[in-house]
Amino acid sequence: MVIAGRGQNTDAKRLDAIGREVKALKLSNEKTLLASLAIAKAVKTENIDKILTSCEKELPKLGQNSQMIAYYLSGALAKANDTQKARWEKIMQANTKK
C-alpha cells in the first residue's frame, strides 16, 4: 500500500482520512489495508515501543506482506535499544513461520 509518493510526507490527519476511505469502499482486502495503516500511524509517532506493539498486533493480519514491512521499518527501528531489537526479532520470527 502506497500512502504517499516518494519524498512526500503524510500526516496523521491524512492517515485517518485514508482509513475512512478504505472502510467506505468495503474492499476485500480491507483488513490488510487497515493493518498496514495502523502500523503507519505507529511509525508516525516515532515511538519504537508503539511501533513494536502495533506490529505484534497487525503483522499477523498481513500474511505474506509482513516481510515487506520489515524492509520499510528498518529506518524507524534504527534507534532501537537491545531489548527492542530482540522484541522485533521475536515478532519477525513469529510472522515468518506462517
Side-chain angles (χ1 to χ4, degrees):
M1 175 166 113
V2 176
I3 296 175
R6 185 177 296 238
Q8 293 179 333
N9 196 3
T10 302
D11 61 11
K13 195 176 196 180
R14 177 67 183 133
L15 292 176
D16 288 338
I18 292 169
R20 287 190 301 276
E21 291 170 22
V22 168
K23 289 176 185 176
L25 292 170
K26 299 185 188 307
L27 302 168
S28 61
N29 63 342
E30 177 179 317
K31 188 169 128 179
T32 301
L33 293 172
L34 292 175
S36 297
L37 194 61
I39 293 170
K41 287 180 182 182
V43 169
K44 293 301 285 181
T45 69
E46 297 181 6
N47 180 314
I48 294 172
D49 288 318
K50 284 186 180 182
I51 295 168
L52 294 172
T53 298
S54 180
C55 286
E56 287 168 335
K57 180 180 176 186
E58 304 298 342
L59 279 180
K61 299 174 187 175
L62 297 179
Q64 294 177 337
N65 294 325
S66 66
Q67 295 301 306
M68 289 188 308
I69 296 294
Y71 172 77
Y72 291 109
L73 289 177
S74 61
L77 297 172
K79 295 179 181 178
N81 62 37
D82 289 341
T83 303
Q84 291 166 328
K85 287 177 184 176
R87 187 175 167 197
W88 174 244
E89 286 300 318
K90 186 176 177 182
I91 293 167
M92 289 310 302
Q93 287 174 0
N95 286 286
T96 54
K97 291 179 183 175
K98 296 180 179 182

N/O donor to acceptor pairs below 3.5 angstrom from side-chain atoms of residues 85-92, sequence neighbours left out:
unit_1	atom_1	unit_2	atom_2	d
Arg87	NE	Glu56	OE2	3.0
Arg87	NH2	Thr53	OG1	2.8
Arg87	NH2	Glu56	OE1	2.9

When you compare the side chain of Ile39 with that of Leu62, does any pair of heavy atoms fall below 4.5 Å?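 Yes, side chains in contact.
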
List in chain and number order the residues that pass side-chain hydrogen bond (donor to acceptor under 3.5 Å, both in side chains) with Gln67, two or more places apart in sequence or in another chain; answer none if no residue qualifies.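 If we apply the side-chain hydrogen bond (donor to acceptor under 3.5 Å, both in side chains) test to Gln67, skipping adjacent residues, there are no hits.
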
Residues two or more places apart in sequence or in another chain: which of them pass side-chain hydrogen bond (donor to acceptor under 3.5 Å, both in side chains) with Asn29? none

Can you tell me how far apart CG (Leu73) and SG (Cys55) are? Round to the nearest 0.5 Å.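 Those atoms lie 5.0 Å apart.
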
Those residues at least two apart in sequence (or on a different chain) that pass salt bridge (charged side-chain N to carboxylate O under 4.0 Å, His left out) with Glu30 are none

Kindly say whether Ile51 contributes a backbone atom to a donor-acceptor pair with the side chain of Ser54 at under 3.5 angstrom?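 The answer is no, because no donor-acceptor pair under 3.5 Å joins these two groups.
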
For Leu37 and Leu15, work out which heavy atoms get closest and say how close.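 Smallest heavy-atom distance, with atoms named: CD2-O, 3.5 Å.
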
To check you understand the geometry: which heavy-atom pair defines the closest contact between Ser66 and Leu59, and what is its length?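 So the minimum-distance heavy-atom pair works out to CB-CD2, 3.7 Å.
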
Counting heavy atoms not belonging to Asp11, are there more than 12 under 6.0 Å from its CG? yes

Residues 42-49, side-chain donor-acceptor partners within the protein, below 3.5 Å, at least two apart:
unit_1	atom_1	unit_2	atom_2	d
Lys44	NZ	Asn9	OD1	2.7
Lys44	NZ	Thr10	O	2.8
Thr45	OG1	Ala42	O	2.5
Thr45	OG1	Asn47	N	3.2
Asn47	OD1	Asp49	N	3.0
Asn47	OD1	Lys50	N	3.0
Asp49	OD1	Gln84	NE2	3.2

